[in-house]
Engineer: 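Shown below is the structure under consideration.
Heavy-atom basis, side chains included; hydrogens, waters and symmetry copies ignored. Each chain gets a letter, A, B and so on, in the order its sequence line appears, and its residues count up from 1. These figures come from a predicted structure and were not determined experimentally.
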Amino acid sequence: MATIPIMTSTSTLAQVSSWISHTSLSALMQQSEWTIPSIQTVHILSIAAATSTAFLVDLRLLGIVAQNRPTYVIARRLRCWGRAALVLLALSGSLLVVAEPGRSLTNVVFGVKLLVLAAALLSNWALERGLCTDPRYWEHRPTRAMGRVIAVMSMLLWAGVVLAGRLIAYIGA
Amino acid sequence: MDVQAICAGLQQSSLATSIRENTVLFPGIESLHVLAVSFLVGSVAIVDLRLLGVRSFTLSIRELMAAILPLTWLAFAAAVVTGTLLFLSNALEYSQNAAFRWKLLILILAGLNAALFHSFTCRGLNRWGRALRTPLSVRAAGIVSLLCWVGIVALGRAIGFTSAL
């Protein structure tokens, strides 16, 4: 596995990373060999939940799945799960940063991942806002095309989050 | 049948070599594998939770399975294709990896559980298909499935950490 070193300045991020690595929580997490892989597994499962709920709403909006149920019903039923998944993602992700701050904070790919994640969350939010205003918001002619574009973008962005997450291990300091 | 020799041979193939030695190909295929498994596990979980009585976007189990399982199969196919490509690239090492072997075993277990459920348990679908309090056999299938897939994800993660048995 080739790791490509990337130049990072001794910036604030590097200093924060160094500070975190000296906390007791960070040391605690690095003690046992299985702590980090376990939290990573939780992280992967939450990504599975987050992407699946997002994909299903997107696919329904595109008319590909569950056509006999209105989009807003699918979205409403999956909403709680999607939000719980995001909370778990944030928690497990934060713990992973604390455990190995150098692996993420000083890695440009991690920053890219967060940006793509923000964009993915924004697209989810946009779709949700529409559905909250009017259950058939994305079915009216003016908004239909836009809804489809956002749905496709959402799926690509979530795929991008997974890709960036995997690439952290291959690129960076 | 010498498994080791076969794996060593597979690893020498030009396909395996190009995946292994290409800095972009392996991470790319791996990411697609994670994405496929993510959707596979997520979609299966929705069905499993419904079997356990957790309301989903449709009350009817038959309807839910009809809506979701085709997608699950697609994700599974993608996971198998990407997984096979990944395996080929380091066939010998993976075949000797404890976590990988257990992962395959639990995958087979998940498959058996699903086959049993769809072939036998589902014969009573008309009776309990719209119920939230499902029969024990149905809930057992749901729990076993969930546990298997969580295990598969965990073992998949562990592959990088473990070596030979």
Side-chain angles (χ1 to χ4, degrees), chain A residues 1-4 33-34 36-60 64-82 85 89 109 113 155-156 158-171, chain B residues 20-47 49-50 54-60 63-72 74-75 78-79 82 89-90 99 146 149-162:
Chain A
M1 220 162 51
T3 50
I4 307 159
E33 209 184 298
W34 290 103
I36 294 176
S38 307
I39 301 180
Q40 283 174 331
T41 302
V42 171
H43 198 66
I44 298 171
L45 289 169
S46 352
I47 263 279
T51 50
S52 297
T53 47
F55 273 30
L56 279 172
V57 176
D58 296 332
L59 287 171
R60 174 56 189 90
I64 295 175
V65 71
Q67 294 95 335
N68 57 341
R69 296 272 159 200
T71 308
Y72 78 93
V73 167
I74 314 263
R76 187 179 60 197
R77 286 254 172 255
L78 293 176
R79 192 165 294 148
C80 284
W81 294 101
L89 236 116
V109 182
K113 176 182 170 179
M155 294 200 290
L156 289 173
W158 277 109
V161 172
V162 173
L163 178 68
R166 257 287 80 204
L167 287 179
I168 290 174
Y170 291 94
I171 306 176
Chain B
R20 185 174 59 247
E21 297 182 349
N22 189 311
T23 38
V24 180
L25 215 50
F26 189 90
I29 298 176
E30 196 183 15
S31 301
L32 287 174
H33 187 69
V34 172
L35 193 62
V37 172
S38 289
F39 190 67
L40 164 58
V41 172
S43 56
V44 162
I46 292 178
V47 176
L49 286 169
R50 175 60 187 90
V54 177
R55 284 211 66 177
S56 186
F57 55 80
T58 179
L59 180 67
S60 159
E63 207 183 301
L64 188 66
M65 292 198 300
I68 293 201
L69 291 184
L71 297 171
T72 311
L74 266 168
T82 48
S89 70
N90 278 292
L146 280 173
W149 285 109
V150 169
I152 289 168
V153 171
L155 288 165
R157 182 65 201 90
I159 289 175
F161 281 86
T162 339

Engineer: Which pair of heavy atoms, one from B/Phe57 and one from A/Val73, lies closest together, and at what distance?
Structural biologist: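 Nearest pair, atom of B/Phe57 first, then A/Val73: O-CG1, 3.9 Å.
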Engineer: Please report the interatomic distance CZ(B/Arg157) to NE2(A/His43), rounded to the nearest 0.5 Å.
Structural biologist: 11.0 Å
Engineer: Just so I understand: if I count every heavy-atom pair under 4.5 Å between each of B/Gly28, B/Ser56, B/Ala66 and chain A, which residue has the most?
Structural biologist: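 Ranked by contacts with chain A, first place is B/Ser56.
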Engineer: So which heavy atom on B/Ser43 is nearest to which on A/Ser52, and how close?
Structural biologist: N-OG, 3.9 Å
Engineer: Of all the heavy-atom pairs spanning B/Ala158 and A/Trp34, show the shortest one and how long it is.
Structural biologist: CB-CZ3, 4.1 Å
Engineer: Using 0.5 Å steps for rounding, measure from the CG atom of B/Leu64 to the CZ atom of A/Arg69.
Structural biologist: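 Spacing of CG (B/Leu64) from CZ (A/Arg69) equals 10.0 Å.
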Engineer: Tell me, for B/Glu21 versus chain A, whether the close heavy atoms (under 4.5 Å) come from the side chain, the backbone, both or neither.
Structural biologist: neither
Engineer: If every non-hydrogen atom of B/Ser38 is compared with every non-hydrogen atom of A/Ile47, which pair is closest and at what distance?
Structural biologist: OG-CG2, 3.7 Å
Engineer: Where on B/Val44 is there a heavy atom nearer than 4.5 Å to chain A: the side chain, the backbone, both, or neither?
Structural biologist: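 Neither part.
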Engineer: Counting only non-hydrogen atoms closer than 4.5 Å, does B/Ile46 touch chain A with its backbone (N, CA, C, O), its side chain (CB onward), both, or neither?
Structural biologist: side chain
Engineer: Among A/Arg60, A/Gln40, A/Arg76, which residue has the highest count of heavy-atom pairs closer than 4.5 Å to chain B?
Structural biologist: A/Gln40
Engineer: Counting heavy-atom pairs under 4.5 Å with chain B, which one of A/Ile74, A/Leu56, A/Leu59, A/Leu78 comes out on top?
Structural biologist: A/Ile74
Engineer: Checking heavy atoms, do the side chain of B/Leu71, its backbone, both or neither come under 4.5 Å from chain A?
Structural biologist: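 B/Leu71 touches chain A through side-chain heavy atoms alone.
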Engineer: So do B/Leu49 and A/Trp81 actually touch side chain to side chain, heavy atoms under 4.5 Å?
Structural biologist: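 Contact flag for A/Trp81/B/Leu49 side chains = yes.
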Engineer: Looking at A/Gln67, I'd like to know if its CD atom is crowded, meaning that more than 12 non-hydrogen atoms belonging to other residues, nucleotides or ligands lie closer than 6.0 Å.
Structural biologist: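 Counting neighbours around CD of A/Gln67, more than 12 heavy atoms of other residues, nucleotides or ligands fall under 6.0 Å, so yes.
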Engineer: Search all heavy atoms of B/Pro27 against all heavy atoms of A/Leu167 and return the closest pair with its distance.
Structural biologist: CB-CD2, 3.7 Å
Engineer: Grab the two heavy atoms, one from A/Val162 and one from B/Ser31, that are nearest each other, plus how far apart they are.
Structural biologist: CG1-O, 3.9 Å
Engineer: Which bit of B/Ala45 is near chain A, if near means a heavy-atom gap under 4.5 Å: side chain, backbone, both or neither?
Structural biologist: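 For B/Ala45, there is no contact with chain A at all, as no heavy atom is under 4.5 Å.
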